[in-house]
Amino acid sequence: MKLVCRDKTLDLGSPVVMGVLNVTPDSFSDGGRHFGIDQAVARAQEMVAEGATLIDVGGESTRPGAQPVDEAEELRRVIPVIERIAGLPAVISVDTSKPAVMRAACAAGAGLINDVYALRRPGALETAAASGAAVCLMHMQGEPRTMQANPCYADVVREIGDFLADRRRACLSAGIAADRILLDPGFGFGKTLAHNLRLLARLDTLRRLGAPLLVGLSRKSMLGAITGQPPGERLPAGLAAAALAVWQGASIIRTHDVRATVEAVKLAAAARQQALQEA
């Protein structure tokens, strides 16, 4: 399975790791530790050395209750960082839903657009199609500020699958080739703990949609709800969640903790490969 990211092509025959690079002052997970350009560049270099295949640069927090960031400020945060790290041996991803940021990020060297709105905002689908970049389409019920108020589903797995299939079809109709599309079920984005657990338990059903799966569980509140640990102490639970996701066929694991996650992913992938050979 291949993913075409403009001038780079990823082989997803084995699962890989995406490192999270938040250039925001208000991230729930790292409290703005990499808000400065030099700090962000140093962290990107460190994550590549630790084994990250992709680096996801985000300039607007999407945590529950997060306030929106205007276009000019988001550009100011992410573009200088992408320009500085574009030469690294990794695919650079931009975590944004704004078409202007998508265009500028791809011009600066990004090869993947990671959009929590799944390219539903005006102009986003057309911008992504013209960019040549890969796209990650995420499911979210509601918006970041209100998504955890009272999320409801009749069948969370079926409804998320239907949404992702619909967005994939929209991308194909817009001229985005199948080998440029990733799908993300959006753990924690408009979902209760019960929804998240059911989704994790049934993740393999979403592989039938015809696109690789990207999964982000690192440090999320569902892990804290189960373990009682704050974000900075959720690594063991995050590694377990990453391994479970890989066991069910996830192709990309998005994480704040690259080195440990790379090792967990390798082990889970080897066990899954053995199981498939024996099936």
K.L.:
Can I253 be reached from M47 by stepping across I, L, V, M, F, W or Y side chains whose heavy atoms are under 4.5 Å apart?
P.N.:
yes
K.L.:
Just do the side chain to side chain contact (heavy atoms under 4.5 Å, CB included) check on V57 and I85 with the steps written out, would you?
P.N.:
CA-CA 10 Å; V57 182; I85 67 175; 3.9 Å; yes
K.L.:
If you group Ile, Leu, Val, Met, Phe, Trp and Tyr by side-chain heavy-atom gaps below 4.5 Å, do L75 and I92 land in one group?
P.N.:
yes
K.L.:
Should L182 and L112 be marked as a side chain to side chain contact (heavy atoms under 4.5 Å, CB included) after you check the CA-CA gap, both sets of side-chain angles, and the distance that decides it?
P.N.:
CA-CA 10 Å; L182 291 170; L112 171 63; 4.2 Å; yes
K.L.:
Compare all side-chain heavy atoms of F187 with those of M138 and state whether any distance is below 4.5 angstrom.
P.N.:
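Result no, sub-4.5 Å side-chain heavy-atom pair not found.
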K.L.:
When you measure from the side chain of K8 to the backbone N and O of V4, does any donor-acceptor pair fall under 3.5 Å?
P.N.:
no
K.L.:
Report the distance from atom CG of D179 to atom CG of L3, rounding to the nearest 0.5 Å.
P.N.:
7.5 Å
K.L.:
Might you point out which heavy atoms bring C171 and V135 nearest each other, and give the distance in Å?
P.N.:
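Closest pair (atom of C171, atom of V135, distance): SG-CG2, 4.3 Å.
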K.L.:
CZ of F163 to CD of Q141: how many Å apart, nearest 0.5 Å?
P.N.:
10.5 Å
K.L.:
Do the side chains of L206 and L199 get nearer than 4.5 Å, heavy atoms only?
P.N.:
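The answer is yes, as the side chains (C-beta and beyond) meet within the 4.5 Å cut-off.
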K.L.:
Output the distance between atom CZ (R169) and atom CG (L164), rounded to the nearest 0.5 Å.
P.N.:
10.5 Å
K.L.:
Between L119 and M102, is the side chain to side chain contact (heavy atoms under 4.5 Å, CB included) condition met? List the steps.
P.N.:
CA-CA 11 Å; L119 303 179; M102 296 174 188; 3.8 Å; yes
K.L.:
What closest approach, in Å, do G58 and V78 show between heavy atoms, and which atom pair accounts for it?
P.N.:
C-CG1, 4.0 Å
K.L.:
Please name the residue in the list T53, L213, V265 that meets the side chain to side chain contact (heavy atoms under 4.5 Å, CB included) test with P15.
P.N.:
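When side chain to side chain contact (heavy atoms under 4.5 Å, CB included) is applied between P15 and each of T53, L213, V265, only V265 qualifies.
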K.L.:
With the threshold set at 4.0 Å, does a side-chain nitrogen-carboxylate oxygen contact exist between R254 and D95?
P.N.:
yes
K.L.:
Is the closest side-chain heavy-atom distance between T192 and V156 below 4.5 Å?
P.N.:
no
K.L.:
Any sub-3.5 Å donor-acceptor pair from R180's side-chain atoms to A133's backbone N or O?
P.N.:
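Side chain of R180 to backbone of A133, a donor-acceptor pair under 3.5 Å: yes, one is there.
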K.L.:
If you take all heavy atoms of P99 and P122, which pair is closest and at what distance?
P.N.:
CG-O, 3.4 Å
K.L.:
Quick test of your reading of the model: are E263 and K266 salt-bridged, counting only N-O distances below 4.0 Å?
P.N.:
no
K.L.:
Hey, does the side chain of D70 reach the backbone of A72 with a donor-acceptor pair shorter than 3.5 angstrom?
P.N.:
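Checked: pair present.
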K.L.:
If I compare all heavy atoms of A260 with all of L235, which pair ends up nearest, and what's the gap?
P.N.:
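It is CB-CD1, 4.2 Å.
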K.L.:
For a side chain to side chain contact (heavy atoms under 4.5 Å, CB included) check, start with the C-alpha distance between R259 and V262, then their side-chain angles and the critical distance, and finish with the verdict.
P.N.:
CA-CA 5 Å; R259 186 186 301 278; V262 166; 6.0 Å; no
K.L.:
According to the interplanar angle, ranging from 0 to 90°, do the rings of Y153 and H139 count as parallel (below 30°), tilted (30 to 60°) or perpendicular (above 60°)?
P.N.:
tilted
K.L.:
Please examine the side chains of L217 and L200, heavy atoms only from C-beta on, and report whether any two atoms are closer than 4.5 Å.
P.N.:
yes
K.L.:
Looking at E159 and D155, would you say the former's side chain and the latter's main chain have a donor-acceptor pair under 3.5 Å?
P.N.:
yes
K.L.:
Compare all side-chain heavy atoms of Q45 with those of L88 and state whether any distance is below 4.5 angstrom.
P.N.:
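With C-beta onward as the side chain, the pair touches.
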K.L.:
Just by modelled atom types, is the L12 backbone N or O under 3.5 Å from a matching donor or acceptor in the K2 side chain?
P.N.:
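Pair absent, no side-chain N/O of K2 close to backbone of L12.
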K.L.:
Could R77 and E74 be called an ion pair, given the rule that one side-chain N must be under 4.0 Å from one carboxylate O?
P.N.:
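Between E74 and R77 there is no salt bridge, as every charged N stays at least 4.0 Å from the carboxylate O atoms.
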K.L.:
So, does R219 use its side chain to make a donor-acceptor pair with the main chain of R234 at under 3.5 Å?
P.N.:
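No: the side chain of R219 does not pair with the backbone of R234.
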K.L.:
Honestly curious: do I252 and I160 fall in one hydrophobic cluster under the side-chain, below-4.5 Å linking rule?
P.N.:
no
K.L.:
Output yes when a side-chain donor or acceptor of R6 lies under 3.5 Å from a complementary backbone atom of C106, and no otherwise.
P.N.:
yes
K.L.:
Taking all non-hydrogen atoms of both residues into account, name the closest pair between A250 and V215 and its distance.
P.N.:
CB-CG2, 3.9 Å
K.L.:
Are I55 and V81 joined in one hydrophobic group, where the rule is that I, L, V, M, F, W and Y side chains link up if heavy atoms are under 4.5 Å apart?
P.N.:
yes
K.L.:
Do L203 and W247 belong to the same hydrophobic cluster, where Ile, Leu, Val, Met, Phe, Trp and Tyr are linked whenever their side-chain heavy atoms lie under 4.5 Å apart, directly or via other members?
P.N.:
no
K.L.:
Using 0.5 Å steps for rounding, measure from the NE2 atom of H256 to the NZ atom of K220.
P.N.:
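Answer rounded to 0.5 Å: 8.5 Å.
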K.L.:
Given 3.5 Å as the limit, does a donor-acceptor pair link the side chain of S131 with the main chain of A128, or not?
P.N.:
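Judged by distance alone, yes, a pair lies under 3.5 Å.
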K.L.:
Between R43 and E50, is there a salt bridge with N-O shorter than 4.0 Å?
P.N.:
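Salt bridge between E50 and R43, a charged N being under 4.0 Å from a carboxylate O: yes.
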K.L.:
Quick check for you: to the nearest 0.5 Å, what is the distance between L244 atom CG and L197 atom CG?
P.N.:
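Between L244 CG and L197 CG, I get 10.5 Å after rounding to 0.5 Å.
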K.L.:
Please confirm whether R120 makes a cation-pi placement over Y117, using NZ or CZ under 6.0 Å from the six-membered ring centre and within 45° of the ring normal.
P.N.:
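Not satisfied by the 6.0 Å and 45° rule.
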K.L.:
What closest approach, in Å, do A201 and Q248 show between heavy atoms, and which atom pair accounts for it?
P.N.:
O-OE1, 3.1 Å
K.L.:
Are S218 and T261 close enough that some pair of their side-chain heavy atoms sits under 4.5 Å apart?
P.N.:
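Not touching, per the 4.5 Å side-chain cut-off.
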K.L.:
Measuring only between side-chain heavy atoms, which start at C-beta, is L125 closer than 4.5 Å to I176?
P.N.:
yes
K.L.:
Would you say L54 and L10 make side-chain contact, with heavy atoms under 4.5 Å?
P.N.:
yes
K.L.:
K191 side chain to F189 main-chain N or O, any donor-acceptor pair under 3.5 Å?
P.N.:
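A pair under 3.5 Å: yes.
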K.L.:
Please determine if D115 and R121 form a salt bridge, counting it only when a charged side-chain N lies under 4.0 Å from a carboxylate O.
P.N.:
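No, no charged N to carboxylate O under 4.0 Å.
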K.L.:
Supply the atom-to-atom distance T96 OG1 to N114 CG, rounded to the nearest 0.5 angstrom.
P.N.:
9.5 Å
